[in-house]
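The structure displayed is predicted, hence computed values, not measured ones. In each ligand, atom 1 is the first atom listed, and ligand 1 is the first ligand listed.
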Amino acid sequence: MDHTEKKGLLIVFEGTDGTGKSTQLQLLYKVLHDKGYPVVATREPTDGKYGREIRQLYVNRKKFSHEKELELFLADRREHVDELLNPALRNGKIILCDRYFLSTAAYQGAIGFDPETILNRNSFAPDPDLALLFQTPVDIGVTRIVSDRGDTLNDFEQIESLKKVAEIFSGIDRPYIKRIDATDSIESVHQTVMGHIATLFASSSFLPLN
Ligand code: TYD
């Protein structure tokens with residue numbers, strides 16, 4: 001999509017599991033929605049046909065080869081970009097997306113692919129205007145998943161591989177990435193998020209946040 005066509009903003013929420021990014025997405029969604037901004041919330045993996053296939057991977061990751069796993073995430077994203085993200089960007093929406101291609105670089109990077117090669121294979125997908133990268137020590141994230149949510153760890157969430165994922169996230173450098181210390185309280189992390197959104201809106205065609 002060229003710049004004259006893109007009227008909206010793409011804001012993505014990234015990080016390892018248990019960093020609270022989905023909670024922060026919902027809080028931001030509510031603020032923007034209540035202020036009347038044209039906001040849309042979405043997520044990857046999606047609920048489309050590839051996303052549903054990916055969810056089977058959570059249960060038994062050995063079911064598919066590593067290449068097939070990567071291809072499924074790319075196919076899911078391609079469908080998401082064509083059917084939702086690009087049309088919404090053309091229509092001037094502010095998109096909040098829970099996970100995007102930095103997750104592919106980090107998670108599929110952790111199983112052996114080169115993260116930069118993965119990013120190149122995502123060149124069909126528009127760059128985010130802002131990627132909020134939520135960071136906590138992996139142990140804190142895991143405690144949140146297991147004790148607070150009462151969940152067990154799925155195949156993507158095993159501790160050693162999550163440490164590798166966190167390391168790759170830390171090493172990726174892109175101008176649109178803002179790293180957020182997510183060990184603070186939900187409210188204080190929310191205030192940090194609002195600060196980044198205010199800065200982004202100030203340099204966009206959207207009304208300033210107040
Ligand atoms: P998550 O956001 O935790 O979804 P849910 O809340 O439905 O469990 O994402 C599911 C898992 O998918 C997560 O552990 C990270 C993984 N993932 C990848 O491995 N690669 C990707 O490209 C994406 C988008 C997610």
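The protein heavy-atom contact nearest to atom 22 (O) of ligand 1 is Thr104 OG1, 2.6 Å. The shortest contact between atom 13 (C) of ligand 1 and any protein heavy atom is with Asp17 OD2, 3.5 Å. Regarding atom 6 (O) of ligand 1, its nearest protein heavy-atom neighbour is Arg43 NH1, 4.6 Å. Remark: minimum distance from atom 2 (O) of ligand 1 to any protein heavy atom is reached at Arg99 NE, 2.8 Å.
Salt bridge status for Arg61 with Glu157: absent, with no side-chain N to carboxylate O gap under 4.0 Å. Electrostatic pairing of Asp129 and Lys6 counts as a salt bridge here, judged by a charged N lying under 4.0 Å from a carboxylate O. One finds a salt bridge joining Glu5 and Arg90 here, because a Lys/Arg side-chain nitrogen approaches an Asp/Glu carboxylate oxygen to under 4.0 Å. Here Glu67 pairs with Arg121 in a salt bridge; the nearest charged N to carboxylate O distance falls below 4.0 Å.
Ligand-side atoms of ligand 1 in range of Arg77: 22 (O), 24 (C), range being under 4.0 angstrom from any heavy atom. Less than 4.0 angstrom separates some heavy atom of Gln108 from each of these atoms of ligand 1: 18 (C), 19 (O), 20 (N), 21 (C), 22 (O). Each of the atoms 2 (O) of ligand 1 lies under 4.0 Å from some heavy atom of Lys21. Set against the non-hydrogen atoms of Arg55, the atoms of ligand 1 under 4.0 Å away are 7 (O).
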Decide side chain to side chain contact (heavy atoms under 4.5 Å, CB included) for Leu84 and Thr46; before the verdict, give the C-alpha distance in whole Å, the side-chain angles of both, and the deciding distance to 0.1 Å.
CA-CA 11 Å; Leu84 193 151; Thr46 69; over 6 Å; no
Would you please test Phe73 and Tyr107 for ring pair (Phe, Tyr, Trp, His ring centres under 6.0 Å) and show each step?
CA-CA 11 Å; Phe73 281 107; Tyr107 281 82; 8.2 Å; no
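Through side-chain heavy atoms spaced under 4.5 Å, either directly or across other Ile, Leu, Val, Met, Phe, Trp or Tyr residues, Leu27 is tied to Ile186.
By the definition of a contact as any protein heavy atom under 4.0 Å away, atom 20 (N) of ligand 1 is in contact.
The two atoms that bring Ile94 and Ile11 nearest to each other are CG2-CD1, 3.9 Å, heavy atoms only.
Checking Tyr58, Phe13, Phe73, Phe156 against atom 17 (N) of ligand 1, the nearest heavy atom belongs to Phe73.
Considering backbone and side-chain atoms together, Glu157 places no N or O closer than 3.5 Å to any N or O of ligand 1.
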